[in-house]
Enquirer: 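Could you have a look at this structure, given as structure tokens, before my questions?
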Protein chains: 2
Amino acid sequence: MRLTTKGRFAVTAMIDLALRGHDGPVALAGISERQKISLSYLEQLFGKLRRHNLVESVRGPGGGYSLARPAAGISIADIIRAVDEPLDATQCHGRENCQEDHRCMTHDLWATLNDKMYEYLTSVSLDSLVSNERKSVGATAVVSDQRRNVRTLREEAALTA
Amino acid sequence: MRLTTKGRFAVTAMIDLALRGHDGPVALAGISERQKISLSYLEQLFGKLRRHNLVESVRGPGGGYSLARPAAGISIADIIRAVDEPLDATQCHGRENCQEDHRCMTHDLWATLNDKMYEYLTSVSLDSLVSNERKSVGATAVVSDQRRNVRTLREEAALTA
DNA sequence: GAAATAACATACTATTTTTGTCAACTTTAA
DNA sequence: TTAAAGTTGACAAAAATAGTATGTTATTTC
């Protein structure tokens with residue numbers, strides 16, 4: 001798994017979207033201004049997010065983007081995966097013959113690290129970040145997805161501490 | 001924390017070094033050929049590794065690099081940290097005023113993720129990878145560092161499963 | 001239907017990663 | 001003491017990636 005600023009921007013933008021997507025779609029121009037991310041870059045990122053069915057778009061005046069499904073059903077891993085495309089961590093993309101004698105020494109390490117990171121990022125939903133942002137103190141109950149086990153950031157942090 | 005191919009290369013090279021550093025130093029030319037990493041790049045990376053006191057160099061014929069301390073005392077996090085230098089995950093490097101209204105929304109997320117990854121990468125020692133590579137089956141006992149809690153990859157995986 | 005708005009698409013620039021080349025400098029061995 | 005093997009460092013070029021600018025098309029509103 002790759003972890004760069006690209007994914008960070010995408011997550012930031014998605015939070016903004018979730019935070020403001022109550023009535024009607026949100027225009028990228030607004031996100032750009034609020035989050036200080038260039039409009040062009042956002043357009044690129046949202047193209048990918050749209051192709052990965054995380055957001056839906058409405059063209060024309062009053063248009064913009066909205067989440068394709070409830071924020072509780074979108075994990076951070078989904079977002080990272082969408083914008084960072086390939087995402088393979090093993091260098092020898094699956095095939096085992098990357099080395100002559102001892103096939104791909106670091107294979108196991110990266111695979112395990114990859115799993116760890118996905119495990120974590122999958123456990124954090126967009127919704128949990130948004131409620132965290134809304135400063136809705138009081139450990140807002142977790143809304144879990146049908147596919148995944150999604151915890152709030154607060155709970156996750158508690159587990160670590 | 002940033003996770004790119006750069007760190008991957010560094011770890012791969014360090015494994016090779018640990019694997020062959022029994023009698024005398026290991027030349028980069030050998031690592032380059034075995035791991036298919038350009039010699040120039042390795043030289044750059046090992047310059048950083050040396051400045052971070054992870055390896056020592058011996059010049060002249062028969063020279064090369066050797067680990068500055070036992071492989072059990074070097075974690076993967078050490079290596080990543082050495083080659084990726086800055087390593088800050090929060091975008092608003094410490095200062096809280098990255099946003100006007102709601103200061104740096106994703107701040108908490110990235111900080112927590114950062115901790116998670118470090119926690120994991122610190123728990124994996126170079127030695128554990130090497131023993132794993134040597135195919136020394138039978139759960140080779142853990143040699144723990146004086147500073148850290150270092151587990152074997154095998155044990156770590158068991159915890160996750 | 002014209003004008004404005006905003007997504008969509010493509011081309012371009014800048015930064016980072018990776019490789020290549022060259023010139024010291026150091027130590028061992030012949 | 002010379003030569004060879006090897007590190008160290010400084011650049012620069014090439015490739016990949018990140019980020020920006022510009023143009024085009026679809027919708028809505030007036």
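Quick caveat, the model's predicted, so the values are computed rather than measured. Convention: sequence-line order gives letters A, B, ...; per-chain numbering from 1. Atom set for the values below is all heavy atoms of this structure, side chains included, hydrogens, waters and symmetry mates excluded.
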Enquirer: Name the closest nucleotide to the B:E43 side chain, picking from C:dT19, D:dA18, D:dG9.
Expert: D:dG9
Enquirer: Considering only C:dA24, C:dA7, C:dT17, which nucleotide approaches the side chain of B:R59 most closely?
Expert: C:dA24
Enquirer: In this structure, how many angstroms lie between the P atom of D:dT7 and the CZ atom of B:R51, rounded?
Expert: 16 Å
Enquirer: When you get a sec, tell me which of D:dA18, C:dA9, D:dG9 is the closest nucleotide to the side chain of A:T5?
Expert: D:dA18
Enquirer: Check every strand shown and say whether B:G64 touches a base, only sugar-phosphate, or nothing at a heavy-atom separation below 4.0 Å.
Expert: sugar-phosphate
Enquirer: Quick one: is A:R50 getting a side-chain N or O under 4.0 Å of the C:dA9 phosphate, OP1 or OP2?
Expert: yes
Enquirer: Between C:dA9 atom P and A:L45 atom CG, what is the distance in whole Å?
Expert: 15 Å
Enquirer: If the helix axis at each end comes from five base pairs, how far does the helix from C:dG1-D:dC30 to C:dA30-D:dT1 deviate from straight, to 10°?
Expert: 0°
Enquirer: Just N and O in the side chain of A:S38: are any of them under 4.0 Å from OP1 or OP2 of D:dT20?
Expert: yes
Enquirer: Looking at the side chain of A:P61, which of C:dT18, D:dT28, D:dG9 is the nearest nucleotide?
Expert: D:dT28
Enquirer: Do A:I37 and A:L19 land in one hydrophobic cluster if side-chain heavy atoms of ILVMFWY residues count as linked below 4.5 Å?
Expert: yes
Enquirer: Ignoring hydrogens and geometry beyond distance, is the side chain of B:S40 in donor-acceptor contact with the base of C:dG20 at under 3.5 Å?
Expert: yes
Enquirer: Separation of A:E56 atom CD from D:dT27 atom P, in whole Å?
Expert: 15 Å
Enquirer: Find the distance B:L49:CG to D:dT7:P and express it as a whole number of Å.
Expert: 14 Å
Enquirer: Could you report the tightest heavy-atom contact between A:V130 and A:I15, atom names first, then the distance?
Expert: CG2-O, 4.2 Å
Enquirer: Might you point out which heavy atoms bring B:A18 and B:L67 nearest each other, and give the distance in Å?
Expert: CB-CD1, 3.9 Å
Enquirer: Is B:L39 reachable from B:M14 through a run of hydrophobic residues whose side-chain heavy atoms are each under 4.5 Å from the next?
Expert: yes
Enquirer: Determine the contact category for A:T4: base if any of its heavy atoms lies under 4.0 Å from a base atom, sugar-phosphate if only primed atoms, P, OP1 or OP2 are that close, otherwise nothing.
Expert: sugar-phosphate
Enquirer: Can you see which heavy atom on B:V26 is nearest to which on B:R34, and at what distance?
Expert: CG1-NH2, 3.7 Å
Enquirer: Once you apply a heavy-atom cut-off of 4.0 Å, does B:G62 come out as touching a base, just sugar-phosphate, or nothing?
Expert: sugar-phosphate
Enquirer: Assign B:F46 to base, sugar-phosphate, or nothing according to its heavy-atom contacts below 4.0 angstrom with the strands shown.
Expert: nothing
Enquirer: Whole angstrom is fine here: how far is it from OH in A:Y65 over to P in C:dA6?
Expert: 12 Å
Enquirer: So if I take every side-chain heavy atom of B:A27 and compare against C:dC8, D:dA18, D:dT7, which nucleotide ends up nearest?
Expert: D:dT7
Enquirer: Over all strands shown, is B:L39 touching base, sugar-phosphate only, or nothing at heavy-atom distances under 4.0 angstrom?
Expert: nothing
Enquirer: Examine C:dT17: is either OP1 or OP2 under 4.0 Å from a nitrogen or oxygen in the side chain of A:R2? Give yes or no.
Expert: no
Enquirer: D:dC11 C1' sits how many Å from B:Q44 CD, rounded?
Expert: 11 Å
Enquirer: A:D84 CG to D:dT17 C1': how many Å, rounded?
Expert: 11 Å
Enquirer: Taking atom types as modelled and ignoring hydrogens, do the side chains of A:D115 and A:T112 form a donor-acceptor contact shorter than 3.5 angstrom?
Expert: no
Enquirer: Report yes if the side chains of A:Q35 and A:L42 come closer than 4.5 Å at any heavy-atom pair, otherwise no.
Expert: no
Enquirer: If I take atom OH in residue B:Y41 and atom C1' in nucleotide D:dA16, what distance separates them, rounded to the nearest angstrom?
Expert: 11 Å
